[in-house]
**Q** 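Sharing a structure, written as structure tokens. Questions coming.
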Amino acid sequence: MTDRFTISDAPEEFLAAPLRLTIDLGAIADNWRTMARRSGKARCAAVVKADAYGLGIEDVGQTLYHAGARDFFVAVPAEGATLRPYAPEARIFVLSGIWPGQEEIFFDHDLVPVIASEEQLAFWMSLLSDRGPYPCALQVDTGFNRLGLSLDDALALADDVSRPQSLEPVLMMSHLACGDDAKSPMNRAQLQAFQQVAEAFSGIESSLSASAGIFLGPEYQFDLTRPGIALYGGEALSGAQNPMQPVVKAEARILQIREAKAGESVSYGASHRLTRDSRLAIASVGYADGYLRNLSGSGTALRDAGLPGAEAVIAGHRVPVVGRVTMDLTIFDITDVPSALVRSGDYLELFGPAMLVDELARAAGTIGYEMLTGLGLRHERIYLDADL
Ligand SMILES: *Cc1c(COP(=O)(O)O)cnc(C)c1O
């Protein structure tokens with residue numbers, strides 16, 4: 001009888017997930033407290049859209065609620081419904097507003113729509129005429145040209161004495177286009193436009209700044225701030241030292257280590273040719289996991305070449321990607337890591353404390369936001385509990 005290798009004989013490390021995210025909830029709570037402090041007199045909300053930037057809205061929402069957050073922003077109502085049990089007394093604002101057919105989910109879960117167009121406003125008022133008063137937020141566009149009532153429409157609404165009593169906006173908000181660039185003249189222009197509307201709606205709270213805007217100073221903070229990326233350790237300001245604590249570590253398991261000779265090629269398209277005898281680690285992560293194809297090794301021909309290529313970290317060494325990133329697997333050059341330090345079954349750090357998510361994002365020509373929200377569904381999520 002031939003020896004059969006069964007899963008119970010496998011080394012313990014192979015029983016663990018091939019891809020894991022370790023999420024430090026304590027760091028998220030600390031980052032929220034930092035942003036709350038930086039928000040001065042304003043209250044600090046928490047933006048938890050897109051599954052809390054890929055990190056899990058339930059655990060993250062609960063942590064932020066325990067840390068003291070009482071205002072949350074989500075993108076769509078389903079996210080608000082998921083969050084509600086974890087943030088029982090909080091206000092949950094839904095940035096995409098309310099559309100016909102969504103009445104039940106809003107009213108059942110006590111979600112506050114952010115009304116951002118005349119069309120939505122008309123629908124909202126017709127709903128209120130049946131239902132009676134219910135809070136909403138209003139968004140005004142001050143130069144982003146994304147969602148929002150026009151400045152003129154918002155000012156006209158403020159002056160409209162005939163507007164229904166049941167319309168009870170509790171928040172007036174807008175969003176900065178260039179908050180990450182303190183030198184951009186857009187910031188002041190948007191600030192001045194927003195100040196006009198905030199004054200016209202002086203009875204209600206106002207909110208302008210996301211993570212980056214909070215750093216622009218007290219004028220930008222109004223009554224409520226709306227940080228997202230900073231809570232998750234990402235870079236809010238371009239070209240400045242990131243003051244936030246790293247929150248996530250993403251790791252992929254090495255499935256195999258192989259020796260390859262100088263002159264051999266690596267991965268699809270045979271587009272990377274080895275210039276020396278090499279040791280390669282084949283890691284269990286690919287573009288289906290949000291490890292973008294643009295992270296392929298330096299000099300690898302893609303449709304759009306020219307990016308620097310990513311590195312991961314193992315045993316304190318930085319190891320570059322070689323060849324193209326594939327759907328489920330990526331190849332790293334570990335030739336320079338002493339062989340005693342790497343075995344198959346070990347984990348490579350893709351990003352985390354040793355490789356900041358924004359540094360990895362830059363190698364793909366993108367931003368930390370996109371790396372986090374594109375993580376895919378195959379990671380095991382390990383939560384380190386916040387000590388609250
Ligand atoms: C996503 C978003 C935020 C949070 O932005 P960060 O840059 O992640 O802090 C705040 N406000 C609005 C309207 C958003 O869409």
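Atoms within each ligand, like the ligands themselves, are counted from 1 in listed order. Remember, predicted model here, so these are calculated numbers, not experimental data.
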**Q** Any idea how F107 and Y134 line up, ring-wise: parallel (<30°), tilted (30 to 60°), or perpendicular (>60°)?
**A**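 Perpendicular.
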
**Q** If you measure from atom 6 (P) of ligand 1 to every heavy atom of L95, L208, I229, which option wins on shortest distance?
**A**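 Comparing heavy atoms across L95, L208, I229, the nearest one to atom 6 (P) of ligand 1 lies in I229.
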
**Q** How far is atom 11 (N) of ligand 1 from the closest protein heavy atom, and which atom is that?
**A**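 That would be R226 NE, 2.9 Å.
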
**Q** Would you find a donor on one side and an acceptor on the other, under 3.5 Å apart, between the side chain of S211 and the backbone of A230?
**A**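 Checked: pair present.
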
**Q** Should E380 and R20 count as an ion pair when the cut-off is N to O under 4.0 Å?
**A**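 No.
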
**Q** Against heavy atoms of P227, which atoms of ligand 1 measure under 4.0 Å?
**A**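 Those qualifying, in numeric order: 9 (O).
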
**Q** Under 4.0 Å from a heavy atom of Y53: which atoms of ligand 1 are those, numbered in the order shown and with their elements?
**A**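 In order of number, 1 (C), 4 (C), 5 (O), 6 (P), 8 (O).
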
**Q** When only distance counts, is Q139 in polar contact with ligand 1, meaning an N/O pair under 3.5 Å?
**A**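 Min N/O separation from ligand 1 is not below 3.5 Å for Q139.
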
**Q** Hey, can you pull the donor-acceptor pairs under 3.5 Å for the side chains in residues 265-275, sequence neighbours left out?
**A**
| unit_1 | atom_1 | unit_2 | atom_2 | d |
| --- | --- | --- | --- | --- |
| S267 | OG | R324 | O | 2.8 |
| R273 | NH1 | G263 | O | 2.8 |

**Q** Looking only at heavy atoms, is any part of F73 under 4.0 Å from ligand 1, and if so is it the side chain, the backbone, or both, or is it neither?
**A**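 No part of F73 is near ligand 1 at this cut-off.
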
**Q** Can a salt bridge be assigned to the pair R381 and E58 using a cut-off of 4.0 Å between side-chain N and carboxylate O?
**A**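 Salt bridge between R381 and E58, a charged N being under 4.0 Å from a carboxylate O: no.
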
**Q** Should R188 and E219 be marked as a salt bridge (charged side-chain N to carboxylate O under 4.0 Å, His left out) after you check the CA-CA gap, both sets of side-chain angles, and the distance that decides it?
**A** CA-CA 10 Å; R188 188 140 293 272; E219 286 176 296; 2.8 Å; yes

**Q** Backbone or side chain, does any N or O of G228 fall under 3.5 Å from an N or O of ligand 1?
**A**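 Yes; the residue has a nitrogen or oxygen that sits under 3.5 Å from a nitrogen or oxygen of the ligand.
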
**Q** Evaluate the salt bridge (charged side-chain N to carboxylate O under 4.0 Å, His left out) criterion for residues E235 and R362: first the C-alpha distance (whole Å), next the side-chain angles of each, then the deciding distance (0.1 Å), finally the verdict.
**A** CA-CA 11 Å; E235 199 175 275; R362 269 190 284 279; 3.2 Å; yes

**Q** How long is the gap from CH2 on W32 to OH on Y65, to the nearest 0.5 Å?
**A**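 Between W32 CH2 and Y65 OH, I get 11.5 Å after rounding to 0.5 Å.
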
**Q** Select one of side chain, backbone, both or neither to describe which atoms of R146 lie under 4.0 Å from any atom of ligand 1, heavy atoms only.
**A**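 The side chain, only.
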
**Q** Salt-bridge test for R131 and E103: reply yes if a basic N is under 4.0 Å from a carboxylate O, no otherwise.
**A**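 Looking at R131 and E103, the cut-off is not met.
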
**Q** Does H175 approach ligand 1 within less than 4.0 angstrom via side chain, backbone, both or neither, non-hydrogen atoms only?
**A**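 It is the side chain that gets close, since no backbone atom is under 4.0 Å.
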
**Q** With a cut-off of 4.0 Å, which atoms of ligand 1 are near a heavy atom of M173?
**A**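 Heavy-atom distances to M173 below 4.0 Å select 13 (C).
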
**Q** Within the 4.0 Å heavy-atom shell around Y369, which atoms of ligand 1 are there?
**A**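 The atoms of ligand 1 under 4.0 Å from a heavy atom of Y369 are 6 (P), 7 (O), 8 (O).
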
**Q** For ligand 1, is any non-hydrogen atom under 4.0 Å from S211's backbone (N, CA, C, O), its side chain (CB onward), both, or neither?
**A**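 It is both backbone and side chain that touch ligand 1.
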
**Q** Touching ligand 1 at all, A212? Heavy atoms, strictly under 4.0 Å?
**A**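 No, A212 has no heavy atoms under 4.0 Å from ligand 1.
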
**Q** Find all atoms of ligand 1 within a distance of less than 4.0 Å from any non-hydrogen atom belonging to A210, and give their numbers and elements.
**A**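 Checking each atom against A210, I get 3 (C), 4 (C), 5 (O), 6 (P), 7 (O), 9 (O), 10 (C).
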
**Q** Has R91 got its NZ or CZ under 6.0 Å from the middle of the six-membered ring of F72, at an angle within 45 degrees of the ring axis?
**A**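 Checked: cation-pi criterion not met.
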
**Q** Check each of M35, E235, K49 against atom 3 (C) of ligand 1 and report the one with the nearest heavy atom.
**A**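 Among M35, E235, K49, the closest heavy atom to atom 3 (C) of ligand 1 belongs to K49.
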
